[in-house]
Amino acid sequence: MNDFMILAPDVKVALGAGMPVVALESTIITHGMPYPQNLETAQAVEAEIRAAGAVPATMAVMGGKIRIGLEATYLEALAQAKDVMKVSRADLAVALATGAVGATTVAATMICAAMVGIKVFATGGIGGVHQGAEDSFDISADLREFAETPVTVVAAGAKAILDLPKTLETLETLGVPVIAYGQDAFPAFWSRDSGLPAPLRMDHPAEIAAAHRTRQALGLPGGQLVTNPIPEADELSRDMLSPLIAQAQAEADAAGVTGKAVTPFLLQRLFELTEGRTLAANIALVKNNARLGAAIAKELAAP
Ligand code: PSU
Ligand code: MN
């Protein structure tokens, strides 16, 4: 713990008592979804975690502090804030030192969670290797975070706008366990199956918790990625999406979009090209991940 962290009262109580806590990121709120769906989703995801018997801890940087758990007024302010900084590992100290309003990415959320002893984090999709990375070198800082920071992250795979084979290869190089939950395939965010096999599979939250504990006991640094497929009723077909993803990527290239702006640009274009269907799917999959995250956190909290 350090002077930069402020824990919400319920998170503080839960961590002190060894109760299950699930971390949540905030970039998905500020850069991943439009208002007011972003606020409604953030609230619904927190409610899923509470209903499952765990305490949610949404992270953000505000007023020179890392907030671990956002009380209602902070969550509402963040969801409507303009020009929010997208804070990854590289940005965290600068965001705090300048007093910026910042939303945490997967990487930064893992760092903040680990600082206060939160073991599980649920999100939508992680960042990864972008298409054309052989030229752009655009590889999300999320990937290396898994090699370093001991948090189990539940996601619906990596976002389908990415180069998924290269993303899986990079995770393997970094020594990150990629564990598919309840199926053999690596999911593709809005779709259940990317067409690629996942390297590992587990079917029960208790097994995932045991793997987390074992990694710690062995002294291996880093976390694990648990990929949870979007519920069948909510999935979008890969065949429908793939030409639209190609179109969005071509537009990003033509417009010269680079760096941190790439992921928000592609997600926004997919939202427009599918008339909002990617957003509905995104909301469903995040809630689903919150439920699994809570189940794993409960197993890890059990004596
Ligand atoms: N998934 C979403 N929406 C998002 C993100 C993920 O559905 O906005 C965010 C996450 O915070 C992730 C980040 O860590 O995008 C990755 O950004 P980049 O590719 O610039 O590393
Ligand atoms: Mn990037």
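The residues of the chain are indexed from 1 along the displayed sequence. Read the numbers this way: they start at 1 and go in the same order the structure lists the ligands and their atoms.
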Heavy-atom nearest option to atom 21 (O) of ligand 1, drawn from P264, A155, S140, G259: S140
Short N or O distance, G128 and ligand 1, threshold 3.5 Å exclusive: no
Numbered atoms of ligand 1 (with element) below 4.0 Å of G125, judged on heavy atoms: 1 (N), 6 (C)
Shortest protein contact, atom 19 (O) of ligand 1 (heavy atom only): T263 OG1, 2.8 Å
Value rounded to 0.5 Å, distance of CD1 in I296 from CD1 in I208: 4.0 Å
W190 side chain vs T278 backbone, donor-acceptor pair below 3.5 Å: yes
Ligand 1 contact on L267 by region, counting heavy-atom pairs under 4.0 Å: side chain
Distance in Å, L300 CG paired with I118 CD1, rounded so as to fall on 0.5 Å steps: 12.5 Å
Proximal heteroatom of D138 relative to the Mn ion (ligand 2) (N/O/S): OD1
Which of the ligand 1 atoms, numbered from 1, are nearer than 4.0 Å to a heavy atom of N282: 7 (O)
Interatomic distance, H212 atom NE2 to T152 atom OG1 [nearest 0.5 angstrom]: 5.0 Å
Close approach of G124 to ligand 1, heavy atoms, under 4.0 angstrom: no
Pairwise distance CG(L24) to CD1(I29) - rounded to 0.5 angstrom: 8.0 Å
Trace of the side chain to side chain contact (heavy atoms under 4.5 Å, CB included) decision for N282 with F189: CA-CA 8 Å; N282 198 344; F189 197 58; 3.6 Å; yes
Region of T109 that comes within reach of ligand 1 [heavy atoms, distance under 4.0 Å]: neither
Check: A52 main-chain N/O paired with K298 side-chain donor or acceptor under 3.5 Å: yes
Nearest-0.5 Å distance that lies between atom CZ in R201 and atom CD in E207: 9.5 Å
Test item: R67 side-chain N/O and M62 main-chain N/O as donor-acceptor pair under 3.5 Å: no
Ligand 1 to K159 polar contact by distance, N or O atoms, under 3.5 Å: yes
Residue part near ligand 1, for M33, under 4.0 Å between non-hydrogen atoms: neither
R215 side-chain N/O to P221 backbone N/O, donor-acceptor pair under 3.5 Å: yes
E25 N/O to ligand 1 N/O under 3.5 Å: yes
Distance, nearest 0.5 Å, that separates OG1 of T105 from CD1 of I126: 11.0 Å
Atom 8 (O) of ligand 1 - nearest protein heavy atom and its distance: G32 CA, 3.5 Å
Which of the ligand 1 atoms, numbered from 1, are nearer than 4.0 Å to a heavy atom of T105: 11 (O), 14 (O)
Option whose closest heavy atom lies nearest to atom 12 (C) of ligand 1, chosen from I29, L143, D142, T27: D142
Residue part near ligand 1, for V106, under 4.0 Å between non-hydrogen atoms: both
Atoms of ligand 1, numbered as shown, that sit under 4.0 Å from any heavy atom of F189: 7 (O)
K86 near ligand 1 by a heavy-atom separation under 4.0 Å: yes
Any donor-acceptor pair under 3.5 Å from K12 side chain to I6 backbone: no
Sub-4.0 Å atoms of ligand 1 with respect to non-hydrogen atoms of H130: 19 (O)
